[in-house]
Student: 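There's a structure below that I have some questions on.
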Amino acid sequence: MVSETYIQVAPSILSADFGSLRQQVEEATAAGADMIHVDIMDGQFVPNITMGEVVVDAIRKSTNLPLNIHLMIVQPDNLIPSFIKSPTDQIIVHAEACSHLHRTVGLVKDQGNQVGVAINPATPISAVEEVLSLLDIVLVMSVNPGFGGQSFIPETVDKIRRLRKVIQDGGYSAQIEVDGGIKADWTAQDSVKAGATMLVSGTGIFNQQDTVEGAMGKMRGCLMGLGPLV
Ligand code: DX5
Ligand code: ZN
């Protein structure tokens, strides 16, 4: 008997109403989110500044879900300890932002937390291959990082497919997460068909057109029957 892989959905709090942050996190939690995606931007690696430790602490107090913490910051080593407060915190660093990626990955693993490495659209899969055996997650950026609400770059689908093959051929256990422009449509469906098992969605979940519950329902609905077979 074959079973479907469960697809995890991670609402990105970047697109939430920050005036009602606790409520928005609670709504995402109640709507069945698997984790909360938290975008940390430093104004150097990406042309934008978002939030730091204090706001992440507030988010953590609003939910029991794991936080999927996406560090878009240069040389994150010194800041990593301030973002790990719970055994369930997942830390994602960018391959392009770390001079010594192997060491940075080790810093997170030493804490016993899950670790991921993100790669930008122009960064080849080979940028993570030498640390792949250490990773829980490879985050494939489907937009250039820095802003919510951008359009999904279609070439990402083939990149996910190629990464999936590298992971399978090597016998690695890393999951593929996709971030940027994911909506309850072909962007989510094709990513999953190509091998992604974790989907980040910001404006797809937090928007004016729908409630968080309604948007989560549409996302789950469009994924039904699509999980890669294991
Ligand atoms: C972009 C961030 C994304 C962003 C996704 O730099 O890493 O997590 O919040 O937002 P959407 O889903 O609106 O593209
Ligand atoms: Zn992100």
Side-chain angles (χ1 to χ4, degrees), residues 7-18 21 24-25 28 31 33-52 55-56 59 65-74 76 79 83 89-98 114-123 128 136-157 159-160 175-192 196-210 212 214-216 218-220 222-223:
I7 305 302
Q8 296 184 300
V9 178
S12 170
I13 208 70
L14 184 65
S15 301
D17 174 1
F18 271 61
L21 190 54
Q24 294 265 272
V25 174
D34 294 289
M35 61 197 76
I36 303 294
H37 183 83
V38 184
D39 288 306
I40 312 294
M41 303 186 187
D42 68 352
Q44 283 192 68
F45 180 63
V46 289
N48 207 356
I49 295 176
T50 54
M51 64 197 104
V55 179
V56 177
I59 295 170
L65 291 177
L67 300 190
N68 184 242
I69 302 175
H70 181 189
L71 296 180
M72 285 162 273
I73 59 183
V74 290
L79 281 171
F83 288 109
D89 290 339
Q90 303 169 330
I91 301 290
I92 315 284
V93 298
H94 265 265
E96 307 86 355
C98 301
Q114 289 205 348
V115 62
V117 173
I119 49 175
N120 285 337
T123 301
V128 296
D136 300 290
I137 299 164
V138 178
L139 191 160
V140 177
M141 289 303 303
S142 38
V143 298
N144 288 294
F147 306 93
Q150 302 181 82
S151 295
F152 183 92
I153 297 171
E155 288 78 8
T156 308
V157 175
K159 191 176 193 180
I160 296 167
Q175 294 201 68
I176 301 177
E177 180 173 19
V178 187
D179 183 10
I182 297 277
K183 301 282 187 331
D185 59 18
W186 68 272
T187 54
Q189 293 169 333
D190 287 4
S191 296
V192 167
T197 54
M198 299 170 72
L199 300 178
V200 177
S201 184
T203 46
I205 301 295
F206 298 104
N207 58 59
Q208 302 296 320
Q209 284 74 49
D210 225 331
V212 172
M216 277 295 291
K218 284 177 186 158
M219 184 63 77
R220 294 274 186 225
C222 92
L223 296 174

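Basis for what follows: all heavy atoms, side chains included, without hydrogens, waters or symmetry-related copies. Just so you know, ligand 1 is whichever comes first in the structure, and atom 1 is the first atom listed for that ligand.
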Student: Which atom, counting only N, O or S, brings Asp39 closest to the Zn ion (ligand 2)?
Tutor: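 The Asp39 atom nearest to the Zn ion (ligand 2), restricting to N, O or S, is OD1.
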Student: Just jot down the ligand 1 atoms closer than 4.0 angstrom to any heavy atom of His37, in number order.
Tutor: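 Numbered from 1, ligand 1 contributes 8 (O).
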Student: Test side chain to side chain donor-acceptor pair (under 3.5 Å) on Asn68 and His70; report intermediate values, then the result.
Tutor: CA-CA 6 Å; Asn68 184 242; His70 181 189; over 6 Å; no
Student: Within the 4.0 Å heavy-atom shell around Met41, which atoms of ligand 1 are there?
Tutor: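 Under 4.0 Å from Met41, ligand 1 has these atoms: 6 (O).
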Student: With a cut-off of 4.0 Å, which atoms of ligand 1 are near a heavy atom of Gly146?
Tutor: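 Contacts of ligand 1 toward Gly146, numbered from 1: 1 (C), 6 (O).
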Student: Measuring from the Zn ion (ligand 2), name the closest N, O or S atom belonging to His70.
Tutor: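 The closest N, O or S atom of His70 to the Zn ion (ligand 2) is ND1.
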Student: Below 3.5 Å, N or O to N or O, backbone or side chain included: is there any such pair between Ile182 and ligand 1?
Tutor: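 No.
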Student: Below 3.5 angstrom, do we get any N/O pair linking Asn144 and ligand 1?
Tutor: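 The answer is no, given that Asn144 and ligand 1 share no N or O pair closer than 3.5 Å.
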Student: Out of Ser151, Ser201, Ser12, Ala10, who is nearest to atom 9 (O) of ligand 1 when you count heavy atoms only?
Tutor: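 Comparing heavy atoms across Ser151, Ser201, Ser12, Ala10, the nearest one to atom 9 (O) of ligand 1 lies in Ser12.
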Student: Show me which atoms of ligand 1 lie under 4.0 Å from any heavy atom of Gly180.
Tutor: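 Under 4.0 Å from Gly180, ligand 1 has these atoms: 14 (O).
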Student: Purely on distance, is any nitrogen or oxygen of Gly181 under 3.5 Å from one on ligand 1?
Tutor: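 It does: an N or O of Gly181 is found under 3.5 Å from an N or O of ligand 1.
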Student: Against heavy atoms of Met72, which atoms of ligand 1 measure under 4.0 Å?
Tutor: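 Ligand 1 atoms under the 4.0 Å threshold to Met72: 6 (O), 7 (O).
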Student: Please identify which atoms of ligand 1 are closer than 4.0 Å to at least one heavy atom of Gly148.
Tutor: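 Listed by number with element: 10 (O), 13 (O).
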Student: Taking only heavy atoms of His70, which atoms of ligand 1 are found under 4.0 Å from at least one of them?
Tutor: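 Reading through ligand 1 atom by atom, the close ones are 7 (O).
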